[in-house]
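Note on naming: letters A, B, ... go to the chains in the order of the sequence lines (proteins, then strands), and numbering restarts at 1 for each one. The figures that follow rest on heavy atoms only: side chains count, while hydrogens, waters and symmetry mates do not.
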Protein chains: 2
Amino acid sequence: MKPNNIRIKDIASMAGVSVGTVDRVLHNRGKVSRDAARRIEKVLNKINYKPNLIAQTLGKNKNYRIVALIPNPALDPYWKQSFDGLKSGEEQLGQFGIHFILEYKYYDPHKKESFQESALKIFHSHPDGVLVAPLFYYASLPFFKKLSETKIPFILFNTHLVEANALSFIGQDLFKSGRLAGELMNIGQQPNSSYAIVHVNEDLSNSVHLVEKEHGFRDYFEKRGDAQRIGTFILNNLKSSAFQNQLESILQMPDLSGVYVSTSKVYLIAQYLKKRNPGVRIIGYDLIKENVSGLQEGHIDFIINQNPMRQAKLGIQSLANYLIFSKQIPSTYLFPLEVITPENVTSYLAHPGNLAGIVV
Amino acid sequence: MKPNNIRIKDIASMAGVSVGTVDRVLHNRGKVSRDAARRIEKVLNKINYKPNLIAQTLGKNKNYRIVALIPNPALDPYWKQSFDGLKSGEEQLGQFGIHFILEYKYYDPHKKESFQESALKIFHSHPDGVLVAPLFYYASLPFFKKLSETKIPFILFNTHLVEANALSFIGQDLFKSGRLAGELMNIGQQPNSSYAIVHVNEDLSNSVHLVEKEHGFRDYFEKRGDAQRIGTFILNNLKSSAFQNQLESILQMPDLSGVYVSTSKVYLIAQYLKKRNPGVRIIGYDLIKENVSGLQEGHIDFIINQNPMRQAKLGIQSLANYLIFSKQIPSTYLFPLEVITPENVTSYLAHPGNLAGIVV
DNA sequence: CGCATAATTGTGCGCGCACACATAATAATA
DNA sequence: TATTATTATGTGTGCGCGCACAATTATGCG
């Protein structure tokens, strides 16, 4: 009838001790005789006790200070979504009476110095936990080393730095993401097609994550043994007159049948390319407003959604699970590679990433 | 610093009354003087009080008896996933100390009498809430009418019966699902292609949901003005020798370039069709084990995932929100139309539909 | 054996809320 | 005005847990 309303009190009476003693065993705070410990263990093995999470939090009125470090959301709608996810998670925890005080720190995604500067400040403020979306590789490792040494728990999202040794990584497998793009690009195409990989406004040497996508994309075609030609382009100076020339040089590729843009910046070039050559299939990332329009107006064929909002929200939830409920959390949490097309895009908009546990 | 730790106690002191009076106003139980009520309202308008959900549940040790009515999970892996979702939701609530006692009732998806019989039993047992995946239309309306009259709250998932007037519907827009299938079918195909819609082992007159998918699929091509030919096939008697003949008759369609199967039963015919004609694109539904293999082995090109597990879980969560937290819940909750391909299928398996709020 | 000290065990309080119940203030009636 | 009704308001308790502290029992040592 009632599956798990076995309380500490019940365990205590079963073992013939008081609740205090059971409590001491559960949290192994010591100060328990071998005899009592043994009796309690025996009961525990039999009944699979699960503490009432609700009651567990009630008493704690400790304030946890968490700092989130992400690229400035004002500079990029993608990071705005991450920010919204953090906000939403914070709010949800508040509803549960969990005093998670989130502080936000931003950095310029093109300046590693700005990352390092913010990181240092965060470290010196001794937070209870840290949430980071790291874009730089070597520039950020010292920060994570410091956090590890000070035993400040931190979770990474969006970009995986294996060496960082984080509590958890939340994001996608970017190599597979590239392969998926390859597959979507290949559907129903002629065997002699050629494709362009485009990185918009990025310094590749700093952006491991984009390189991984590119490898995945190329891997897909290599493994199939087809002999498609694939070219890589790096676009910069978006405002300059040279920008259009760069686009034209892409279109110059013989038998060009598709363009794969490695970030959410796909909207910047989709319309132009599609107008100049309607047969070119365009694939990019993320459901930011501009790309939604791109899909609906036919400039973009596929979007692979990274769901930054839910990534961020899960990040803060995980931190709460770890700090407050002392739950074990998975070392990596890989999100599904969501394929968005003109026909299913609205179904993703109606359903924001913020579903949730009990509340919503 | 601390955003919402305004407690009832605080409101009371602000309004110069006792907590009891505030409580009476919050739950409008009456027995409050106009004067006190006015003062309290004034405070409430100013401070945006949000009750601590944790504390709210703690005291309640009422047991809610919920009955779920779904097709027999032993007969179909799809419904097994729904069942698992219910289980998972039940467990999660248990963790929070919420005494949701879930009872399961099953019916044979091909016999409306079995649905009606179970439904009647449920009604007479006077549960506190009901969760239903209704496959039949007219056969089930009387049940929902009765529930409405007795004010027993019920939530539908999987199939939408608008007239049922449920508390909430959780599922997908099936017409759009059909359109999405059309789009996936159409990518990179020749203009003179023809397609087959296949309903496996279903009585169409009883299955509104499949008809909707078919309409959506046809609508996609009609709206584009292309002149593809589309044929509808209904397959029965899976075990008979006639079955193969039925498949052959599909393959006879001139210029056949794709087969759209309206349910998870796609795995039953994918391999045969693909072997006989590798150029035929196969699209079906749901990530059951057989279809995952189908994708990975190349017999199936696309799966549209309905995520029955998460639908079911959200169903029971919603019921809890409504009954326990007296939250308003949306009248329809439409799930995204997830596109699964051979390349992204593993990313969906690694990430079971059971993410969650705080815990898990 | 008596007393100090350590080791173990038990008890009490508070977290924020809902609800039952006790008390106080007001109105109605004799 | 005294005495009930009636209405309004305040107080107390428990939900399950964690933690501080009190009480008890065992051990050491002169």
Side-chain angles (χ1 to χ4, degrees), chain A residues 2-40 44 47 49-64 93-99 323-327 359, chain B residues 2-40 44 47 49-64 93-99 323-327 359:
Chain A
K2 309 168 188 175
N4 43 326
N5 42 3
I6 310 159
R7 300 150 299 170
I8 288 187
K9 201 200 241 180
D10 300 318
I11 298 175
S13 76
M14 284 188 237
V17 294
S18 78
V19 288
T21 311
V22 177
D23 179 80
R24 254 158 265 148
V25 171
L26 286 174
H27 302 83
N28 43 272
R29 306 194 213 281
K31 293 168 192 258
V32 175
S33 70
R34 321 178 101 265
D35 182 58
R38 209 160 25 76
R39 291 218 306 283
I40 292 169
L44 286 177
I47 54 122
Y49 167 70
K50 281 180 186 164
N52 182 331
L53 293 176
I54 292 218
Q56 217 165 28
T57 25
L58 234 210
K60 310 197 179 187
N61 48 350
K62 174 169 169 23
N63 283 334
Y64 294 88
L93 291 179
Q95 287 257 316
F96 282 94
I98 295 169
H99 303 100
L323 288 172
I324 298 184
F325 299 110
S326 35
K327 289 232 165 204
V359 211
Chain B
K2 311 167 189 178
N4 41 327
N5 44 2
I6 309 157
R7 301 149 299 170
I8 288 186
K9 201 199 240 184
D10 301 317
I11 299 175
S13 78
M14 284 188 236
V17 293
S18 78
V19 288
T21 311
V22 176
D23 179 80
R24 254 158 264 148
V25 171
L26 285 174
H27 301 83
N28 41 272
R29 305 195 215 280
K31 293 170 191 261
V32 175
S33 70
R34 321 178 103 263
D35 182 57
R38 207 158 28 75
R39 290 218 307 283
I40 294 169
L44 287 177
I47 53 122
Y49 167 70
K50 280 181 189 166
N52 183 330
L53 293 176
I54 292 217
Q56 215 165 31
T57 25
L58 236 209
K60 308 197 180 189
N61 49 351
K62 175 168 168 23
N63 284 333
Y64 293 88
L93 292 179
Q95 287 256 316
F96 283 94
I98 294 169
H99 302 100
L323 287 172
I324 297 183
F325 300 110
S326 32
K327 289 230 167 205
V359 219

Footprint string (nucleotides 7-17 of chain C, 5' to 3'): B base within contact, S backbone only, - free, heavy atoms under 4.0 Å | -SBBB---BBS
Do A:Asp23 and A:Arg29 have side chains that get closer than 4.5 Å, going by heavy atoms?
-> yes
Does the side chain of B:Thr57 reach to within under 4.5 Å of the side chain of B:Phe96, using non-hydrogen atoms?
-> no
Set of side-chain contact (heavy atoms from CB on, under 4.5 Å) partners for A:Ser13, sequence neighbours left out = none
Value for CG (B:Leu58) from CD (B:Gln56), rounded to nearest 0.5 Å, stands at 11.0 Å
Rounded distance [0.5 Å steps], NZ in B:Lys31 versus OG1 in B:Thr21 = 12.5 Å
side-chain hydrogen bond (donor to acceptor under 3.5 Å, both in side chains) partners of [X], counting only residues at least two apart:
{"X": "A:Arg39", "value": "A:Asp35"}
{"X": "B:Asn28", "value": "none"}
{"X": "B:Arg34", "value": "none"}

Interatomic distance where CD1 belongs to B:Ile11 and P belongs to C:dA18 [whole Å] | 11 Å
Atom CG of B:Leu26 and atom C1' of C:dA18: how far apart are they, to the nearest Å?
-> 11 Å
To the nearest 10 degrees, the angle between the two end axes of the helix from C:dC1-D:dG30 to C:dA30-D:dT1 (five pairs per end) comes to 70°
